[in-house]
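Below: one structure, written as structure tokens.
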Amino acid sequence: MQRRHFLQAGLAGAALPAASRLATAEPQELADQGQEAFKLKYAPHFGMFSRAAGDDSVAQLEWAADHGFTAWEDNQMANRDVAEQQRLAAAMDRLGITMGVFVANFGTAFGKQSFSTASKEHVENFEGDLRKAVEVAKRVHAKCMTIVLGDLEPRLAPEFQHSNAIEMLKRGAAIFEPEDLVMVMEPLNFRDHPGMLLSRIPQAHMLCKAVDSPAVKVLFDIYHQQITEGNLIPNIDAAWDEIAYFQVGDNPGRNEPTTGEINYLNVFRHIANKGFGGVVGMEHGNSQGGEAGDLAVLEAYRASDRFELGQ
């Protein structure tokens, strides 16, 4: 079976079994069927398909490519050794897989009042992390990197905290912009991540406007925003000019689409019809265990990708 070129009419006229039937399906029979590429660049992560593909990271990339995925993301890429980064990058290049985000600022992301105070120490740590991220991005051919804006400082007025964040983002933009790279700010929900400075899409949109740089954009994580705000499609439209990346997870549970309350078929149709050509990161777990669970994720994306453009 030829990788990336066998995405033929094998399933064009016959859909896979529904997700509810995958637990009783023959896994190898399903895995051996050729599948056409998805309409959007959905990006799995390492471990998501390890029961079906095996433990080796390159084997997982190959399995995903064989099943129609054209992107990948890995939050931990910056923490992998250089040789592994190069091995993974070579595999992605060979398979035609676009590298999505990795986290660029672990040193100032969680448990620190970093952007809210913009202290000298935090600014220096942030700039240091970004310079390292630039080198990683070059190795793995990444365009976008996630940044998290740290914790609130409750003793400081919100407006001052946002002013501090703007200045810190400008310092980061000065590093990323000459490299044609993009830091995407991720608002995080109050239930899973209480006390974060950045939680809402309008807030992230405002920060982008204030920084006014192509290197600073919004990561719209649909799972987080369903919890925090809902109103998904209108908020996507309102923030559209600053959104560079999407991530996915259903609610409740933070598992694959079709397992919760979000109508991902409609959401995916909407962003595809608006012309989104970037990566849609699959930042969620598998609702079922074993190989059947891996295949349930695959079918959930097949089901949610069955829309017609222009409708």
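Source: prediction; values computed, not measured.
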Going through the distances and angles, do Leu40 and Ile271 end up as a side chain to side chain contact (heavy atoms under 4.5 Å, CB included)? CA-CA 9 Å; Leu40 291 170; Ile271 66 174; 4.0 Å; yes
Answer yes when Glu124 and Lys120 have at least one side-chain N-carboxylate O distance shorter than 4.0 Å, and no when they do not. yes
Look up atom CD1 in Ile227 and atom NE2 in His193, then write down how far apart they are to the nearest 0.5 Å. 9.0 Å
In short, Glu179 meets Ile175 closest at the heavy-atom pair CG-O, 3.6 Å
If the test is side chain to side chain donor-acceptor pair (under 3.5 Å), which one of His224, Glu261, Gln226, Gln225 qualifies with Asn251? Glu261
Does the cation-pi check pass for Lys39 over Phe268, that is, NZ or CZ under 6.0 Å from the six-membered ring centre and within 45° of its axis? no
Polar side chain donor-acceptor pair, Glu73 to Gln247, under 3.5 angstrom: yes
For His45 and Asp74, what are the C-alpha separation, side-chain angles and deciding distance, and is it a side chain to side chain contact (heavy atoms under 4.5 Å, CB included)? CA-CA 6 Å; His45 55 260; Asp74 178 27; 5.8 Å; no
Does Pro187 reach the side chain of Ile201, with side-chain heavy atoms less than 4.5 Å apart? yes
Assess whether a salt bridge exists between Asp212 and Lys170, defined as any Lys/Arg side-chain N lying under 4.0 Å from an Asp/Glu carboxylate O. no
Given Arg87, which of Asp81, Asp93, Asp56 fulfils the salt bridge (Lys or Arg N to Asp or Glu O under 4.0 Å) condition? Asp56
How close do Pro257 and Ala300 get, counting heavy atoms only, and between which atoms? O-CB, 3.1 Å
Using salt bridge (charged side-chain N to carboxylate O under 4.0 Å, His left out) as the criterion, list what pairs up with Glu283, not counting sequence neighbours. Arg254
Are the aromatic ring centres of Phe46 and Trp72 under 6.0 angstrom apart? yes
Please assess Leu181 against Val134 for the test side chain to side chain contact (heavy atoms under 4.5 Å, CB included), listing each intermediate value before the final yes or no. CA-CA 8 Å; Leu181 297 174; Val134 167; 3.9 Å; yes
Quick check, are the ring centers of Tyr301 and Tyr42 under 6.0 angstrom apart? yes
Do you know which two heavy atoms are closest between Asp180 and Lys143, and how far apart they sit? O-NZ, 2.7 Å
Return the minimal non-hydrogen interatomic distance between Ile236 and Ile243, and the atom names on each side. O-CD1, 3.7 Å
Could you check whether Tyr223 and Asp192, counting side-chain N and O atoms only, form a donor-acceptor pair closer than 3.5 Å? yes
Any ion pair linking Glu121 and Lys112 (charged N to carboxylate O, less than 4.0 Å)? no
Verdict with reasoning, Ile262 to Ile222, per side chain to side chain contact (heavy atoms under 4.5 Å, CB included): CA-CA 9 Å; Ile262 302 173; Ile222 295 168; 4.0 Å; yes
Under 3.5 Å, is there a donor on one side chain and an acceptor on the other for Ser287 and Glu256? yes
Scan side-chain atoms only and decide if Asn286 and Asp294 contain a donor-acceptor pair under the 3.5 Å cut-off. yes
Phe276 and Phe246 aromatic centres sub-6.0 Å: yes
